[in-house]
Q: 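What follows is a single structure, and I will ask about it in a moment.
Lettering of chains follows the sequences in order, A, B, ..., and the numbering in each one begins at 1.
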Number of protein chains: 2
Amino acid sequence: MLTEDTLSIRQMCDAFEVTPRTLRFYESKELLFPIRQGTKRFFTRRDRARLKLILRGKRFGFSLEDIRQILDLYDEDGSNEAQALKTYELAQARLAQMEAQRAELDVAITELRNELKASEPMIAGFRRAAE
Amino acid sequence: MLTEDTLSIRQMCDAFEVTPRTLRFYESKELLFPIRQGTKRFFTRRDRARLKLILRGKRFGFSLEDIRQILDLYDEDGSNEAQALKTYELAQARLAQMEAQRAELDVAITELRNELKASEPMIAGFRRAAE
DNA sequence: AGAGCAGTTTACGTTAACGTCAGTGTAACG
DNA sequence: CGTTACACTGACGTTAACGTAAACTGCTCT
């Protein structure tokens, strides 16, 4: 109970600067698995580790669904071989996706950087379009 | 008239690789102003210039609303230095965002790559065992 | 006249990640 | 026992940028 290494929903919110709604939402999406005593939630250190990774993933712009799948990597439940292999392949696919995304971003950055360096073309471009 | 320098909606779609729905949507959002003859639309060279910028803006990650505002600025008063500056600053801010995003993406890629390296031996073991 | 396009309007559907009530419960404080 | 403080469960609302389906209208060719 109180002596356990768990946090109430409010403590959890304060610790990670998220709303209760967010934590409940993550639970509904099977990203977190707080202990349910009666109706209340108690978040374990495992939940905290997962939330930390969830928030980091979000900062990187990944969807919650992506994150949920990646989280299984960190879970390390090596009990099931087929599952491990599957998550490994998922991670590989995800990595390829990320690298593609980065490549696109690089192109866009380079382009925009050139526009800014030239400074005038883009502005002039908008002028022409509006005449 | 037919001799005018305009394109039908289909010609416009083919030229820019967008759908009719997209062009109608942009018109409803006041990003484009095709001539309406009866019920049909005819896109002028001005529409084409604007669409070109709209698509470029989208590649840079600007929202349609951002783009509309920028285009409108020059509609009302094409020769305002302050407005040009505002556009420039918007682009700069967006570039900074993209660069930050890229940096974070790099970190994520590296981390995920490490995870994959770490689990490779285990996976290899499973593969051998599965033969 | 009929078929067959191309184009049009209207309007509901989609996805993500929660926000925002509304109504109910529970536990502790005074 | 009443009030305050939190927590819980639905469930509808929100934003962006279109997709998609339904039901026309208008032309042209045969």
Q: If you find the nucleotide of DNA chain D closest to B:K40 and the one closest to B:E65, which residue's nucleotide is nearer the 5' end?
A: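 In this pair, the answer is B:E65.
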
Q: Measure the CD1-CG distance between B:I54 and B:D66 for me, rounded to the nearest 0.5 Å.
A: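 B:I54 atom CD1 to B:D66 atom CG measures 12.5 Å (nearest 0.5 Å).
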
Q: Any chance you could measure B:I109, atom CD1, to A:Q97, atom CD, to the nearest 0.5 Å?
A: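 B:I109 atom CD1 to A:Q97 atom CD measures 11.0 Å (nearest 0.5 Å).
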
Q: Is it true that a side-chain atom of B:R41 and a backbone atom of B:I35 form a donor plus acceptor pair closer than 3.5 Å?
A: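 No: the side chain of B:R41 does not pair with the backbone of B:I35.
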
Q: Counting only heavy atoms not in B:E89, do more than 12 sit closer than 6.0 Å to its CD atom?
A: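 More than 12 within 6.0 Å, yes.
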
Q: How would you give the extent of chain B contacts on DNA chain D, as first and last nucleotide 5' to 3' within a 4.0 Å heavy-atom cut-off?
A: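 Listed 5' to 3', the contact boundaries are D:dA17 to D:dT20.
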
Q: CD/A:E27 to CZ/A:F33 distance, rounded to the nearest 0.5 angstrom?
A: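 The distance works out to 9.0 Å.
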
Q: Please give me every residue in residues 10-28 of chain B whose heavy atoms get under 4.0 Å of an atom in DNA chain C, ordered by residue number.
A: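 Here the set is B:R10, B:R21, B:R24.
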
Q: Determine to 10° how strongly the helix from C:dA1-D:dT30 to C:dG30-D:dC1 is bent, judged from the axes of its five-pair ends.
A: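 That helix has its two terminal axes inclined by roughly 30°.
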
Q: Between A:L53 and B:E111, does a side-chain contact (heavy atoms from CB on, under 4.5 Å) hold up when you go through it step by step?
A: CA-CA 12 Å; A:L53 289 168; B:E111 281 181 21; 5.8 Å; no

Q: For the CG atom of B:L112 and the CD atom of A:Q92, what is their distance to the nearest 0.5 Å?
A: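 The distance works out to 9.5 Å.
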
Q: Rounded to the nearest 0.5 Å, what's the gap from CG on B:L23 to CG on B:D47? Could you check?
A: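 Spacing of CG (B:L23) from CG (B:D47) equals 9.0 Å.
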
Q: Kindly indicate, with the supporting measurements, whether the criterion salt bridge (charged side-chain N to carboxylate O under 4.0 Å, His left out) is fulfilled by B:E104 and A:K58.
A: CA-CA 11 Å; B:E104 287 173 355; A:K58 273 174 58 66; over 6 Å; no

Q: Rounded to the nearest 0.5 Å, what's the gap from CZ on A:F16 to OG1 on A:T22? Could you check?
A: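 Reported value, rounded in 0.5 Å steps: 13.0 Å.
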
